[in-house]
Amino acid sequence: MSAQIESVLQEERIFPVPEAFARQANVSGMAQYEALQAEAEKDNAGFWARLARENLTWIKPFTRSLDESNAPFYKWFEDGELNVSANCLDRHLGTPVENETAIIFEADDGAITRVTYRELYERVCRFASGLKALGYKKGDRAIIYLPMSIQGVVAMQACARLGIIHSVVFGGFSSKSLHERIIDVGATLVVTADEQVRGGRNIPLKAAIDEAFAMGGCEAVRKVIVYQRTGAKVAMESGRDITWDQAIEGQPAECAPEPVSAEHPLFVLYTSGSTGKPKGVQHSSGGFLLQAVMSMKWTFDLKPEDVFWCTADIGWVTGHTYITYGPLACGATEIVFEGIPTWPNSGRFWEMIARHKVTIFYTAPTAIRSLVKAGETSPDHHPRNYDLSSLRLLGSVGEPINPEAWMWYYTNVGGERCPIVDTWWQTETGAHMINPLPGVHALKPGSCAMPLPGIEATIVDETGAEVERGKGGFLVIKKPWPAMIRTIWNDPERFKSSYYPADFQGRYYVAGDGASRDLDGYFWIMGRIDDVLNVSGHRLGTMEIESALVAHDLVAEAAVVGRPDDVTGEAIVAFVVLKGPRPSGAEAKEVATTLRNWVGKEIGPIAKPKEIRFGENLPKTRSGKIMRRLLRNVAKGEEVTQDVSTLENPAILDQLKEAS
Ligand code: WT7
């Protein structure tokens, strides 16, 4: 493992905790934070056990907190039994929360649907009863390929209710990606919709399922349930495909929650790694839910009166933890939004915050950066034109937030009144790991501040030694935590080598990010140090894109790198060698378009390279290794200053410098 890590420029500005905020906060002031940390430091497993007893409803209490006997396959609360859906719904029945709004759903066209906790409970029970009637049971796997909708949350919750392990596939992934996931997870059930609606456009979903089936190997899937979102006519295979309405017809609005071990997998969510094949990140029931709940209370300072809005899609981990599970387990009112931030205009987020009196708003830097631009070009939709006074807290997630975007968010959206919690975490961590607590930590734009109570994060060098303050290194987590990844589905060896590599004798969880700490101990994340790109907060493996490219008939070889981008954080640049002669001019443009669309089909539109450059070859060492660092320089348009004498073919650089 080697990486070029340099320390980042440090931000001078500091924003103290607003006193009024601190006074009312769930974790109020440094002393309270330090007390929690001290408790965790003394007895980490005992700390989490106390919180698990106090914050979750157990069917059978656990007797042991952490089991390290088969490290790094850690287990938490294993002999305890609970049901995640009962923790999100049943626990509110008979309390004042029962008749409160659980979800405010706003459709792409602005239509609003509200469901109370009682109604959501009934909808989940009815769908779960339907699944049961179809013969589905604990341990089965379901692929969920649904748009942002109440049905999406209901389907996930219904699975959790029966102990069915769900694997949600983001609606922007292609049939090929879907196919791969259906097979890898061994799904016997698929829940999808006829179409999804985004930005005024209808986009087919069921058709992608049909294409995936046509690729073969999906015979284990017995039923495909189709939610009719638009009513579009879609092919329905008799015996296999049924509508959502048929699945729930005549089903009771009660369905006993299935008790499961705290270690029972709640879901598998695929994410990109540094090799070609996506990893099925397996999460637990008890530990995952515990940290979903704790972070709602700690990071978001959630109170019963709050209206919480996380703009993520349920296809990503952020949507799992902070839409489907965390807010509901806490009895919050949350927004579920079908559409996109720029439709019908770029004031959509601000208009919705005003309309629904949102108090806590959680979004991604890429969305903020695109709205900064939009606010300049269409000043009518700048946040200043909307009443955002209901907001009291802002959040950021998915990628480093640059100080300019932070300042814009703080000033124009938060009215210089709302703390911003910049939350560092990953699909694998299950929940927030490093972020300021809004009633505790002064804020530095661009820093994700400090680990949450119970989380021991640090930065080490190649030898595993902790680095001095101000120096960069590998971000690692020293102790297991309840919401952590349990394994990679079907690939325990890959789990070990990816996250507990032998380089550090398996002592640390290695996040794959470079980071540094400043003199105050604040963490600054520098981004991925493996071959993973972060495009608009979406994680994509360079190898995955390369494999897609070389799968095209025209392509002999491909190398993919990231280049900084003002809006998307990183942009994908592909260097391609064709089997035939190197194209130029109009032909190069045409081939580039063909290949971009191809990648869109192979992986999904989010993986389409922004730029494709053609060469007769790629820069390689004499041993045949592609010099990616050089390619990164070229992609950025930087001068190549390093020694290229070890290159087998130095002349190739000039060719690649020319844009296609
Ligand atoms: C990677 C994880 C966590 C849910 C969404 C992304 C980057 C995430 C931050 C942040 C700097 C961040 C890291 C991480 N990342 N949050 N606040 N500051 N970088 O989940 O797709 O699993 O990606 O996103 O590089 O490793 P993911």
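Both ligands and their constituent atoms are indexed starting at 1 by order of listing.
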Okay, side chain of S149, backbone of P147: is any donor-acceptor separation there less than 3.5 Å? yes
Residue shell for ligand 1, any heavy atom closer than 4.0 Å, reads V317, T318, V397, G398, E399, P400, D422, T423, W424, W425, Q426, T427, D513, I525, R528, N534, R539
* **Charged N-O contact under 4.0 Å between D461 and K471** => no
Residues 599-610 vs salt bridge (Lys or Arg N to Asp or Glu O under 4.0 Å), sequence neighbours excluded, gives K176-E602, E211-K601, D565-K610
Quiz item: Does a side-chain heavy-atom distance below 4.5 Å link L388 with W350?
Solution: yes
Please report, to 0.1 Å, the donor-acceptor pairs under 3.5 Å made by any side chain of residues 408-415, with sequence neighbours excluded.
from, atom 1, to, atom 2, distance (Å)
Y409, OH, G395, O, 2.8
T411, OG1, M407, O, 2.6
N412, ND2, W408, O, 3.1

Indicate every side-chain donor-acceptor pair of residues 447-457 with a distance under 3.5 Å to a residue at least two apart or in another chain.
from, atom 1, to, atom 2, distance (Å)
S447, OG, A449, N, 2.9
S447, OG, F523, O, 2.7
E456, OE2, K479, NZ, 3.0

